[in-house]
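Here is the structure we will look at.
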Amino acid sequence: MWVSPLAVPAIRRSGAGLTGALEIPSTSRLPSEMSVRDDHLWPKKQRLARSGHTGNNPVWIYLFLIPVFFQRVFIGGEGSASSYDEFTGTSTVVLGYAVHLLVCLRYLLEPRNFQRDPLFRNVFLLFCLASAVHILLLLAEPFGASQAVLGIFRSLFWLLACVAIVKYATPEEFLEAAINLIHFTFAVIIISLIVYRVTGTPYQIIMYGDVPRAQGFLSEPSGTATLFAGYVAHALFVRKYWRLVPAIIAVALSNSVIAYLGFGAALAFGGISLLVSSHSNRVVLRRVVLYSVPLSFAVLAIASGPISTFATEVRASMAMTSFGDTTLYRVVIDRLLEAMSVLQTGIDLTRAGANVTEGGIFRYTSMLLLINDLAQSWRGLTGYGLGAHAQLMEAQGMSLLDFGLLPLAFSSFGLPLGFLLFGFVANLMSRSEHPVAIFGTPCFFVGLFNSAGGIHGYSLAIVSALFLLKLARDRQKRQGRLPIY
(Lines give C-alpha, C1' and ligand atoms only; values in the text may rest on other atoms or scores of the structure.)
Protein backbone atom coordinates (compact mmCIF):
# COMPACT_ATOMS: atom_id res chain seq x y z
CA MET A 1 0.00 0.00 0.00
CA TRP A 2 1.31 3.45 -0.94
CA VAL A 3 1.80 5.86 1.97
CA SER A 4 2.11 9.60 1.48
CA PRO A 5 5.50 11.04 2.49
CA LEU A 6 3.57 13.84 4.16
CA ALA A 7 2.01 11.37 6.60
CA VAL A 8 5.18 9.55 7.59
CA PRO A 9 8.47 11.45 7.82
CA ALA A 10 11.18 9.84 5.78
CA ILE A 11 14.28 8.71 7.66
CA ARG A 12 17.55 9.69 6.07
CA ARG A 13 20.78 8.16 7.22
CA SER A 14 23.74 10.49 7.60
CA GLY A 15 27.25 10.27 9.01
CA ALA A 16 26.02 11.81 12.28
CA GLY A 17 23.35 9.22 12.81
CA LEU A 18 19.64 9.06 12.10
CA THR A 19 17.67 12.24 11.71
CA GLY A 20 13.99 12.62 10.95
CA ALA A 21 13.28 14.76 7.94
CA LEU A 22 10.44 15.43 5.61
CA GLU A 23 11.60 14.19 2.20
CA ILE A 24 10.17 16.17 -0.70
CA PRO A 25 10.36 14.41 -4.10
CA SER A 26 13.50 15.36 -6.02
CA THR A 27 12.98 18.11 -8.57
CA SER A 28 15.79 16.63 -10.64
CA ARG A 29 13.42 14.07 -12.08
CA LEU A 30 12.11 14.74 -15.55
CA PRO A 31 8.38 15.45 -15.94
CA SER A 32 7.88 12.03 -17.53
CA GLU A 33 9.39 10.38 -14.45
CA MET A 34 7.08 12.05 -11.92
CA SER A 35 4.22 10.02 -10.48
CA VAL A 36 0.69 11.30 -11.00
CA ARG A 37 0.00 10.38 -7.39
CA ASP A 38 2.60 12.96 -6.29
CA ASP A 39 0.68 15.90 -7.76
CA HIS A 40 -0.44 17.21 -4.38
CA LEU A 41 3.18 17.30 -3.16
CA TRP A 42 4.33 19.70 -5.83
CA PRO A 43 4.10 23.47 -5.92
CA LYS A 44 2.17 24.88 -8.86
CA LYS A 45 5.24 25.47 -11.02
CA GLN A 46 6.44 21.86 -10.71
CA ARG A 47 2.95 20.53 -11.46
CA LEU A 48 2.87 22.62 -14.61
CA ALA A 49 6.32 21.32 -15.56
CA ARG A 50 4.94 17.77 -15.64
CA SER A 51 3.04 18.69 -18.79
CA GLY A 52 5.89 20.72 -20.26
CA HIS A 53 4.50 24.02 -18.97
CA THR A 54 6.32 26.22 -16.49
CA GLY A 55 3.82 28.99 -15.92
CA ASN A 56 5.60 31.37 -18.31
CA ASN A 57 3.57 34.39 -19.32
CA PRO A 58 1.95 33.35 -22.63
CA VAL A 59 1.64 36.99 -23.69
CA TRP A 60 5.29 37.01 -24.79
CA ILE A 61 4.84 33.86 -26.85
CA TYR A 62 1.83 35.27 -28.67
CA LEU A 63 3.58 38.61 -29.14
CA PHE A 64 6.47 36.83 -30.80
CA LEU A 65 4.09 34.94 -33.10
CA ILE A 66 2.13 38.02 -34.19
CA PRO A 67 4.44 38.69 -37.20
CA VAL A 68 4.01 35.08 -38.32
CA PHE A 69 0.21 35.02 -38.36
CA PHE A 70 -0.74 38.70 -38.85
CA GLN A 71 1.00 40.05 -41.94
CA ARG A 72 -1.60 41.67 -44.16
CA VAL A 73 -5.06 43.25 -43.87
CA PHE A 74 -6.72 44.02 -47.19
CA ILE A 75 -9.74 43.84 -49.44
CA GLY A 76 -8.93 41.83 -52.55
CA GLY A 77 -9.93 42.78 -56.04
CA GLU A 78 -11.84 41.12 -58.79
CA GLY A 79 -9.78 40.39 -61.89
CA SER A 80 -6.04 40.18 -62.38
CA ALA A 81 -4.29 42.50 -59.97
CA SER A 82 -0.58 41.72 -60.11
CA SER A 83 0.35 43.20 -56.74
CA TYR A 84 -1.16 43.66 -53.29
CA ASP A 85 -0.30 47.35 -53.67
CA GLU A 86 -3.30 47.60 -56.00
CA PHE A 87 -5.67 46.54 -53.22
CA THR A 88 -7.14 48.54 -50.36
CA GLY A 89 -5.30 47.52 -47.23
CA THR A 90 -1.98 47.54 -45.45
CA SER A 91 0.94 45.31 -44.59
CA THR A 92 1.78 44.76 -40.91
CA VAL A 93 5.51 44.21 -41.47
CA VAL A 94 6.41 47.28 -39.40
CA LEU A 95 4.26 45.99 -36.53
CA GLY A 96 6.15 42.71 -36.72
CA TYR A 97 9.54 44.37 -36.37
CA ALA A 98 8.24 46.51 -33.49
CA VAL A 99 7.01 43.41 -31.64
CA HIS A 100 10.34 41.65 -32.12
CA LEU A 101 12.15 44.76 -30.90
CA LEU A 102 10.01 44.66 -27.73
CA VAL A 103 10.86 40.99 -27.15
CA CYS A 104 14.55 41.74 -27.70
CA LEU A 105 14.50 44.68 -25.28
CA ARG A 106 13.07 42.53 -22.51
CA TYR A 107 15.74 39.92 -23.12
CA LEU A 108 18.60 42.45 -23.21
CA LEU A 109 17.41 44.29 -20.11
CA GLU A 110 17.85 41.11 -18.08
CA PRO A 111 21.67 41.00 -17.97
CA ARG A 112 21.88 37.49 -16.57
CA ASN A 113 20.26 36.03 -19.72
CA PHE A 114 23.55 35.94 -21.59
CA GLN A 115 25.32 34.49 -18.54
CA ARG A 116 22.75 31.71 -18.15
CA ASP A 117 22.51 30.90 -21.87
CA PRO A 118 26.12 30.59 -23.10
CA LEU A 119 24.99 28.44 -26.02
CA PHE A 120 22.71 31.07 -27.52
CA ARG A 121 25.03 33.88 -26.47
CA ASN A 122 27.86 32.33 -28.46
CA VAL A 123 25.64 31.53 -31.45
CA PHE A 124 24.16 35.02 -31.60
CA LEU A 125 27.52 36.76 -31.08
CA LEU A 126 28.97 34.65 -33.89
CA PHE A 127 26.25 35.92 -36.22
CA CYS A 128 26.92 39.48 -35.01
CA LEU A 129 30.64 39.10 -35.77
CA ALA A 130 29.89 37.78 -39.25
CA SER A 131 27.42 40.63 -39.80
CA ALA A 132 30.05 43.21 -38.81
CA VAL A 133 32.38 41.84 -41.49
CA HIS A 134 29.57 41.84 -44.05
CA ILE A 135 28.68 45.45 -43.23
CA LEU A 136 32.27 46.51 -43.89
CA LEU A 137 32.19 44.69 -47.23
CA LEU A 138 28.83 46.24 -48.17
CA LEU A 139 30.22 49.75 -47.83
CA ALA A 140 32.01 49.14 -51.13
CA GLU A 141 28.69 48.70 -52.97
CA PRO A 142 27.90 51.73 -55.16
CA PHE A 143 24.11 51.49 -54.68
CA GLY A 144 21.86 50.10 -51.96
CA ALA A 145 24.45 49.71 -49.19
CA SER A 146 22.31 51.53 -46.62
CA GLN A 147 19.25 49.39 -47.39
CA ALA A 148 21.38 46.23 -47.15
CA VAL A 149 22.85 47.25 -43.78
CA LEU A 150 19.34 48.01 -42.50
CA GLY A 151 18.30 44.55 -43.67
CA ILE A 152 21.12 43.00 -41.63
CA PHE A 153 20.07 44.85 -38.46
CA ARG A 154 16.43 43.84 -38.93
CA SER A 155 17.45 40.22 -39.42
CA LEU A 156 19.65 40.27 -36.31
CA PHE A 157 16.75 41.60 -34.22
CA TRP A 158 14.57 38.82 -35.62
CA LEU A 159 17.22 36.21 -34.76
CA LEU A 160 17.61 37.61 -31.23
CA ALA A 161 13.83 37.47 -30.79
CA CYS A 162 13.95 33.78 -31.78
CA VAL A 163 16.68 33.23 -29.17
CA ALA A 164 14.68 35.13 -26.54
CA ILE A 165 11.48 33.16 -27.02
CA VAL A 166 13.36 29.92 -26.35
CA LYS A 167 14.06 31.32 -22.87
CA TYR A 168 10.53 32.61 -22.27
CA ALA A 169 8.73 29.43 -23.32
CA THR A 170 9.04 25.68 -23.24
CA PRO A 171 8.66 23.72 -26.49
CA GLU A 172 5.22 22.60 -25.33
CA GLU A 173 4.07 26.14 -24.62
CA PHE A 174 5.37 27.32 -27.98
CA LEU A 175 3.60 24.50 -29.81
CA GLU A 176 0.34 25.17 -27.98
CA ALA A 177 0.40 28.86 -28.94
CA ALA A 178 1.31 28.10 -32.57
CA ILE A 179 -1.47 25.52 -32.92
CA ASN A 180 -4.00 27.89 -31.35
CA LEU A 181 -3.06 30.57 -33.90
CA ILE A 182 -3.27 28.05 -36.73
CA HIS A 183 -6.82 27.30 -35.61
CA PHE A 184 -7.47 31.04 -35.59
CA THR A 185 -6.10 31.33 -39.14
CA PHE A 186 -8.42 28.53 -40.25
CA ALA A 187 -11.38 30.35 -38.71
CA VAL A 188 -10.44 33.58 -40.53
CA ILE A 189 -10.19 31.68 -43.83
CA ILE A 190 -13.67 30.20 -43.35
CA ILE A 191 -15.23 33.50 -42.25
CA SER A 192 -13.67 35.47 -45.11
CA LEU A 193 -14.98 32.97 -47.66
CA ILE A 194 -18.47 33.07 -46.14
CA VAL A 195 -18.43 36.88 -46.24
CA TYR A 196 -17.33 36.76 -49.89
CA ARG A 197 -20.08 34.31 -50.85
CA VAL A 198 -22.75 36.34 -49.04
CA THR A 199 -21.71 39.92 -49.81
CA GLY A 200 -19.36 39.54 -52.78
CA THR A 201 -16.65 41.53 -50.97
CA PRO A 202 -13.29 39.68 -50.95
CA TYR A 203 -12.02 40.49 -47.46
CA GLN A 204 -8.64 38.76 -47.00
CA ILE A 205 -9.12 37.05 -50.37
CA ILE A 206 -7.13 37.39 -53.57
CA MET A 207 -8.81 36.38 -56.82
CA TYR A 208 -7.32 34.11 -59.49
CA GLY A 209 -9.69 34.89 -62.31
CA ASP A 210 -13.06 33.98 -60.83
CA VAL A 211 -11.60 31.67 -58.17
CA PRO A 212 -11.16 33.06 -54.63
CA ARG A 213 -7.92 32.22 -52.82
CA ALA A 214 -8.21 32.62 -49.05
CA GLN A 215 -5.17 33.36 -46.89
CA GLY A 216 -6.35 34.55 -43.49
CA PHE A 217 -4.13 37.37 -42.25
CA LEU A 218 -1.04 35.82 -43.85
CA SER A 219 1.06 37.59 -46.46
CA GLU A 220 -0.25 35.44 -49.34
CA PRO A 221 -2.13 32.15 -49.88
CA SER A 222 1.09 30.12 -50.03
CA GLY A 223 1.73 31.17 -46.42
CA THR A 224 -0.67 28.42 -45.41
CA ALA A 225 1.85 25.86 -46.70
CA THR A 226 4.33 26.32 -43.85
CA LEU A 227 1.73 26.51 -41.09
CA PHE A 228 -0.37 23.53 -42.05
CA ALA A 229 2.62 21.36 -42.99
CA GLY A 230 3.79 21.40 -39.37
CA TYR A 231 0.21 21.22 -38.12
CA VAL A 232 -0.63 18.07 -40.12
CA ALA A 233 2.57 16.22 -39.22
CA HIS A 234 2.08 17.01 -35.53
CA ALA A 235 -1.59 15.95 -35.70
CA LEU A 236 -0.59 12.56 -37.10
CA PHE A 237 2.14 12.20 -34.48
CA VAL A 238 -0.24 12.83 -31.55
CA ARG A 239 -3.00 10.88 -33.33
CA LYS A 240 -5.46 13.75 -33.43
CA TYR A 241 -6.71 12.82 -36.87
CA TRP A 242 -9.65 15.22 -36.75
CA ARG A 243 -7.17 18.04 -37.31
CA LEU A 244 -6.69 16.79 -40.86
CA VAL A 245 -10.14 18.15 -41.71
CA PRO A 246 -9.41 21.87 -41.13
CA ALA A 247 -5.98 21.41 -42.74
CA ILE A 248 -7.46 19.94 -45.91
CA ILE A 249 -10.11 22.67 -46.06
CA ALA A 250 -7.57 25.48 -45.54
CA VAL A 251 -5.17 24.12 -48.16
CA ALA A 252 -7.99 23.62 -50.66
CA LEU A 253 -9.37 27.15 -50.12
CA SER A 254 -5.89 28.68 -50.51
CA ASN A 255 -5.64 27.14 -54.01
CA SER A 256 -1.86 27.32 -53.67
CA VAL A 257 0.50 24.93 -55.46
CA ILE A 258 3.03 25.27 -52.64
CA ALA A 259 0.32 24.60 -50.04
CA TYR A 260 -0.50 21.31 -51.75
CA LEU A 261 3.22 20.43 -51.87
CA GLY A 262 3.51 21.27 -48.18
CA PHE A 263 0.50 19.12 -47.35
CA GLY A 264 2.07 16.19 -49.21
CA ALA A 265 5.34 16.71 -47.34
CA ALA A 266 3.45 16.78 -44.03
CA LEU A 267 1.83 13.43 -44.84
CA ALA A 268 5.29 12.05 -45.68
CA PHE A 269 6.85 13.23 -42.41
CA GLY A 270 3.81 12.17 -40.39
CA GLY A 271 3.76 8.78 -42.09
CA ILE A 272 7.45 8.24 -41.29
CA SER A 273 6.79 8.91 -37.60
CA LEU A 274 3.74 6.61 -37.49
CA LEU A 275 4.69 3.71 -39.73
CA VAL A 276 8.47 3.28 -39.43
CA SER A 277 9.40 1.46 -36.23
CA SER A 278 13.18 1.83 -36.40
CA HIS A 279 14.55 5.16 -35.19
CA SER A 280 17.57 4.98 -37.48
CA ASN A 281 15.31 4.34 -40.49
CA ARG A 282 13.10 7.28 -39.54
CA VAL A 283 16.16 9.53 -39.37
CA VAL A 284 17.36 8.39 -42.80
CA LEU A 285 13.95 8.85 -44.42
CA ARG A 286 13.51 12.33 -42.95
CA ARG A 287 16.91 13.35 -44.26
CA VAL A 288 16.09 11.95 -47.69
CA VAL A 289 12.99 14.17 -47.81
CA LEU A 290 14.87 17.25 -46.58
CA TYR A 291 17.84 16.80 -48.90
CA SER A 292 15.48 16.29 -51.83
CA VAL A 293 15.00 20.07 -51.96
CA PRO A 294 18.55 21.02 -53.03
CA LEU A 295 18.68 17.84 -55.09
CA SER A 296 15.51 18.81 -56.95
CA PHE A 297 17.07 22.08 -58.10
CA ALA A 298 19.93 20.12 -59.64
CA VAL A 299 17.58 17.58 -61.24
CA LEU A 300 15.37 20.31 -62.72
CA ALA A 301 18.42 21.98 -64.25
CA ILE A 302 19.76 18.72 -65.73
CA ALA A 303 16.45 17.28 -66.96
CA SER A 304 14.71 20.53 -67.87
CA GLY A 305 14.26 19.55 -71.52
CA PRO A 306 12.36 16.27 -70.99
CA ILE A 307 10.37 17.82 -68.12
CA SER A 308 9.23 20.72 -70.32
CA THR A 309 8.25 18.36 -73.15
CA PHE A 310 6.31 16.07 -70.80
CA ALA A 311 4.46 18.97 -69.16
CA THR A 312 3.52 20.45 -72.54
CA GLU A 313 2.08 17.14 -73.73
CA VAL A 314 0.11 16.62 -70.53
CA ARG A 315 -1.38 20.13 -70.75
CA ALA A 316 -2.45 19.49 -74.33
CA SER A 317 -4.11 16.18 -73.46
CA MET A 318 -5.83 17.51 -70.32
CA ALA A 319 -7.33 20.40 -72.30
CA MET A 320 -9.46 17.84 -74.15
CA THR A 321 -10.95 16.30 -70.99
CA SER A 322 -13.67 17.39 -68.59
CA PHE A 323 -11.15 17.41 -65.72
CA GLY A 324 -9.41 20.29 -67.47
CA ASP A 325 -12.41 22.51 -66.64
CA THR A 326 -12.35 21.86 -62.90
CA THR A 327 -11.15 24.48 -60.43
CA LEU A 328 -8.51 22.15 -59.00
CA TYR A 329 -6.95 21.68 -62.42
CA ARG A 330 -7.15 25.31 -63.57
CA VAL A 331 -5.88 26.91 -60.36
CA VAL A 332 -3.35 24.33 -59.12
CA ILE A 333 -2.38 21.57 -61.54
CA ASP A 334 -2.38 23.66 -64.72
CA ARG A 335 -0.29 26.38 -63.07
CA LEU A 336 2.29 23.78 -62.09
CA LEU A 337 2.28 22.22 -65.57
CA GLU A 338 2.57 25.66 -67.17
CA ALA A 339 5.63 26.44 -65.09
CA MET A 340 7.21 23.11 -66.01
CA SER A 341 6.37 23.47 -69.71
CA VAL A 342 8.42 26.67 -70.03
CA LEU A 343 11.17 25.50 -67.68
CA GLN A 344 13.71 24.92 -70.44
CA THR A 345 12.99 28.34 -71.97
CA GLY A 346 13.39 30.00 -68.60
CA ILE A 347 16.69 28.26 -67.95
CA ASP A 348 18.01 29.22 -71.39
CA LEU A 349 17.07 32.86 -70.84
CA THR A 350 18.61 32.79 -67.36
CA ARG A 351 21.89 31.36 -68.64
CA ALA A 352 21.91 34.05 -71.32
CA GLY A 353 21.78 36.68 -68.57
CA ALA A 354 18.10 37.64 -68.84
CA ASN A 355 16.01 38.57 -65.79
CA VAL A 356 13.08 36.14 -65.79
CA THR A 357 10.65 37.77 -63.39
CA GLU A 358 7.29 36.58 -64.68
CA GLY A 359 5.41 33.32 -64.46
CA GLY A 360 5.40 30.31 -62.17
CA ILE A 361 9.10 29.56 -62.67
CA PHE A 362 10.20 32.90 -61.21
CA ARG A 363 11.16 31.31 -57.90
CA TYR A 364 13.30 28.70 -59.63
CA THR A 365 14.90 31.03 -62.17
CA SER A 366 15.63 33.50 -59.41
CA MET A 367 17.45 30.71 -57.58
CA LEU A 368 19.50 30.01 -60.72
CA LEU A 369 20.27 33.70 -61.12
CA LEU A 370 21.32 33.91 -57.48
CA ILE A 371 23.67 30.92 -57.63
CA ASN A 372 25.12 32.11 -60.93
CA ASP A 373 25.73 35.57 -59.48
CA LEU A 374 27.38 34.16 -56.34
CA ALA A 375 29.52 31.69 -58.28
CA GLN A 376 30.99 34.40 -60.52
CA SER A 377 32.39 36.53 -57.70
CA TRP A 378 33.98 36.29 -54.28
CA ARG A 379 30.48 36.72 -52.84
CA GLY A 380 30.07 33.00 -53.48
CA LEU A 381 32.40 32.41 -50.54
CA THR A 382 31.28 35.18 -48.19
CA GLY A 383 27.69 36.05 -49.08
CA TYR A 384 26.18 39.48 -48.54
CA GLY A 385 25.13 39.21 -44.89
CA LEU A 386 22.00 37.95 -43.13
CA GLY A 387 18.98 39.43 -44.90
CA ALA A 388 21.05 41.93 -46.90
CA HIS A 389 20.82 40.46 -50.38
CA ALA A 390 17.13 41.06 -51.11
CA GLN A 391 17.37 44.68 -49.96
CA LEU A 392 20.46 45.26 -52.08
CA MET A 393 18.93 43.70 -55.19
CA GLU A 394 15.71 45.68 -54.77
CA ALA A 395 17.68 48.92 -54.48
CA GLN A 396 19.61 48.04 -57.63
CA GLY A 397 16.48 47.01 -59.57
CA MET A 398 17.53 43.38 -60.04
CA SER A 399 15.54 40.16 -59.64
CA LEU A 400 18.12 37.95 -57.94
CA LEU A 401 15.88 37.41 -54.94
CA ASP A 402 16.43 34.73 -52.29
CA PHE A 403 13.08 32.91 -52.22
CA GLY A 404 13.27 30.52 -49.27
CA LEU A 405 15.57 29.56 -46.44
CA LEU A 406 18.03 27.70 -48.67
CA PRO A 407 18.58 30.64 -51.06
CA LEU A 408 18.70 32.94 -48.01
CA ALA A 409 21.49 30.84 -46.50
CA PHE A 410 23.43 31.00 -49.80
CA SER A 411 23.01 34.74 -50.26
CA SER A 412 23.76 35.51 -46.61
CA PHE A 413 26.82 33.35 -45.97
CA GLY A 414 28.02 32.08 -49.34
CA LEU A 415 27.52 28.74 -51.06
CA PRO A 416 29.79 26.47 -48.91
CA LEU A 417 28.78 27.80 -45.49
CA GLY A 418 25.15 28.18 -46.55
CA PHE A 419 24.95 24.49 -47.45
CA LEU A 420 26.71 23.52 -44.22
CA LEU A 421 24.15 25.50 -42.20
CA PHE A 422 21.34 23.77 -44.08
CA GLY A 423 22.90 20.37 -43.42
CA PHE A 424 23.41 21.09 -39.72
CA VAL A 425 19.78 22.12 -39.18
CA ALA A 426 18.46 19.26 -41.34
CA ASN A 427 20.45 16.67 -39.41
CA LEU A 428 19.52 18.21 -36.05
CA MET A 429 15.79 18.18 -36.78
CA SER A 430 15.64 14.82 -38.53
CA ARG A 431 17.13 12.82 -35.65
CA SER A 432 14.78 14.08 -32.92
CA GLU A 433 11.46 12.50 -31.92
CA HIS A 434 10.41 15.48 -29.80
CA PRO A 435 7.01 16.97 -30.75
CA VAL A 436 8.66 20.31 -31.55
CA ALA A 437 10.81 18.49 -34.12
CA ILE A 438 7.79 16.69 -35.57
CA PHE A 439 6.13 20.11 -36.00
CA GLY A 440 9.20 22.08 -37.05
CA THR A 441 10.74 19.72 -39.60
CA PRO A 442 7.91 20.06 -42.19
CA CYS A 443 7.93 23.83 -41.56
CA PHE A 444 11.65 23.82 -42.30
CA PHE A 445 11.13 21.70 -45.44
CA VAL A 446 8.52 24.06 -46.91
CA GLY A 447 10.48 27.13 -45.83
CA LEU A 448 13.46 25.97 -47.88
CA PHE A 449 11.67 27.00 -51.10
CA ASN A 450 8.77 29.15 -49.86
CA SER A 451 9.43 32.76 -48.94
CA ALA A 452 5.86 33.70 -47.98
CA GLY A 453 6.01 36.05 -45.03
CA GLY A 454 9.71 36.82 -45.45
CA ILE A 455 11.95 36.06 -42.49
CA HIS A 456 8.91 36.06 -40.20
CA GLY A 457 7.64 33.05 -42.13
CA TYR A 458 10.77 31.14 -41.13
CA SER A 459 10.26 31.74 -37.39
CA LEU A 460 8.46 28.46 -36.68
CA ALA A 461 11.26 26.40 -38.22
CA ILE A 462 14.13 28.39 -36.68
CA VAL A 463 12.65 28.47 -33.16
CA SER A 464 11.98 24.72 -33.37
CA ALA A 465 15.64 24.17 -34.30
CA LEU A 466 16.79 26.36 -31.40
CA PHE A 467 14.63 24.39 -28.97
CA LEU A 468 16.17 21.15 -30.26
CA LEU A 469 19.65 22.61 -29.91
CA LYS A 470 18.93 23.49 -26.29
CA LEU A 471 17.38 20.09 -25.55
CA ALA A 472 20.39 18.30 -27.06
CA ARG A 473 22.81 20.36 -24.97
CA ASP A 474 20.81 19.79 -21.78
CA ARG A 475 20.75 16.05 -22.44
CA GLN A 476 24.53 15.96 -22.88
CA LYS A 477 25.02 17.87 -19.62
CA ARG A 478 22.75 15.46 -17.72
CA GLN A 479 24.78 12.57 -19.09
CA GLY A 480 27.97 14.20 -17.82
CA ARG A 481 29.35 14.73 -21.31
CA LEU A 482 30.96 17.90 -22.57
CA PRO A 483 28.41 19.62 -24.83
CA ILE A 484 29.55 19.84 -28.43
CA TYR A 485 27.81 23.18 -29.00
Side-chain angles (χ1 to χ4, degrees), residues 52 54 56-69 96-132 134-135 151-178 230 385-388 405 408-409 412-413 417 420-422 424-426 428-429 432 434 436-437 439-441 443-444 447 453-477 483-485:
T54 61
N56 292 321
N57 190 342
V59 171
W60 290 99
I61 307 173
Y62 284 96
L63 274 177
F64 172 82
L65 290 173
I66 281 177
V68 180
F69 292 88
Y97 286 119
V99 167
H100 281 172
L101 179 61
L102 184 63
V103 174
C104 291
L105 286 176
R106 182 197 173 185
Y107 186 78
L108 293 173
L109 290 176
E110 297 176 5
R112 287 184 294 180
N113 282 334
F114 273 134
Q115 298 174 10
R116 294 175 177 175
D117 301 323
L119 167 64
F120 295 134
R121 176 193 64 202
N122 296 337
V123 170
F124 180 71
L125 291 180
L126 183 62
F127 276 97
C128 288
L129 178 61
S131 298
H134 283 126
I135 289 173
I152 289 179
F153 280 110
R154 285 203 301 249
S155 300
L156 286 176
F157 272 114
W158 163 73
L159 183 61
L160 183 59
C162 293
V163 169
I165 207 61
V166 173
K167 173 177 174 54
Y168 296 131
T170 64
E172 291 77 11
E173 290 169 337
F174 181 77
L175 277 179
E176 180 181 350
L386 182 61
L405 265 173
L408 177 64
S412 298
F413 306 108
L417 186 55
L420 286 176
L421 284 173
F422 156 74
F424 175 79
V425 176
L428 174 70
M429 301 188 81
S432 176
H434 194 282
V436 78
F439 177 86
T441 303
C443 296
F444 177 66
I455 59 173
H456 301 304
Y458 309 141
S459 295
L460 296 178
I462 298 303
V463 171
S464 297
L466 290 175
F467 271 124
L468 293 176
L469 197 62
K470 183 177 185 299
L471 291 170
R473 182 183 176 89
D474 292 345
R475 182 170 59 252
Q476 291 168 347
K477 291 172 67 176
I484 62 175
Y485 353 85

(message) Please enumerate all residues that pass salt bridge (charged side-chain N to carboxylate O under 4.0 Å, His left out) together with K470, with sequence neighbours excluded.
(response) D474

(request) Enter the distance from I66:CD1 to H100:NE2 here, rounded to the nearest 0.5 Å. (result) 9.0 Å

(message) Any heavy-atom pair between the side chains of L159 and F124 that's under 4.5 Å?
(response) yes

(message) So, taking the atom named CG in L421 and the one named OG in S412, what distance separates them when rounded to the nearest 0.5 Å?
(response) 9.5 Å

(request) Check whether any side-chain heavy atom of V425 sits under 4.5 Å from a side-chain heavy atom of L405, and report yes or no. (result) no

(message) Whether the side chain of S459 engages the backbone of H456 through a donor-acceptor N/O pair (distance < 3.5 Å, no angle test) should be reported.
(response) yes

(request) With the side chain counted from C-beta on, respond yes when V103 and F157 share a heavy-atom pair under 4.5 Å apart, and no when they do not. (result) no

(request) Compare every heavy atom of L471 with every heavy atom of P171, then report the nearest pair and how far apart it is. (result) CG-CD1, 4.3 Å

(message) Can you tell me how the ring of F127 sits relative to the ring of F413, calling it parallel under 30°, perpendicular over 60° and tilted otherwise?
(response) perpendicular

(request) Could you grab the distance from atom CG of L460 to atom SG of C162, nearest 0.5 Å is fine? (result) 9.5 Å

(message) With a 6.0 Å cut-off (strictly less than), is the heavy-atom count around OH of Y97, excluding the residue itself, greater than 12?
(response) yes

(message) Using every non-hydrogen atom in the two residues, find where P67 and G96 come nearest and quote the distance to one decimal.
(response) CG-CA, 3.4 Å

(message) If you define the side chain from C-beta out and look only at heavy atoms, does anything of I165 sit under 4.5 Å from Y107?
(response) no

(request) State the CG-SG distance between L160 and C128, to the nearest 0.5 angstrom. (result) 8.0 Å

(request) Identify the heavy atoms of W60 and L102 that sit nearest to each other, and give their distance. (result) CZ3-O, 4.0 Å

(message) Are the side chains of V123 and V163 in contact, using a 4.5 Å heavy-atom criterion?
(response) no

(request) State, to 0.1 Å, how close M429 and A461 come at their nearest heavy-atom pair, and which atoms those are. (result) CE-O, 4.0 Å

(message) So, taking the atom named OG1 in T441 and the one named NE2 in H434, what distance separates them when rounded to the nearest 0.5 Å?
(response) 12.0 Å

(request) Locate the shortest heavy-atom distance separating S155 from G387; write the atom from each residue and the value. (result) OG-CA, 3.4 Å

(request) May I ask you to decide if the ring planes of F174 and F64 are parallel, tilted or perpendicular, using 30° and 60° as cut-offs? (result) tilted

(request) Could you tell me if the ring centre of F69 sits under 6.0 Å from that of Y62? (result) no

(request) Could you tell me the separation between the CG atom of L428 and the CG atom of L466, rounded to the nearest 0.5 Å? (result) 9.0 Å

(message) Using every non-hydrogen atom in the two residues, find where C443 and G230 come nearest and quote the distance to one decimal.
(response) SG-CA, 3.8 Å

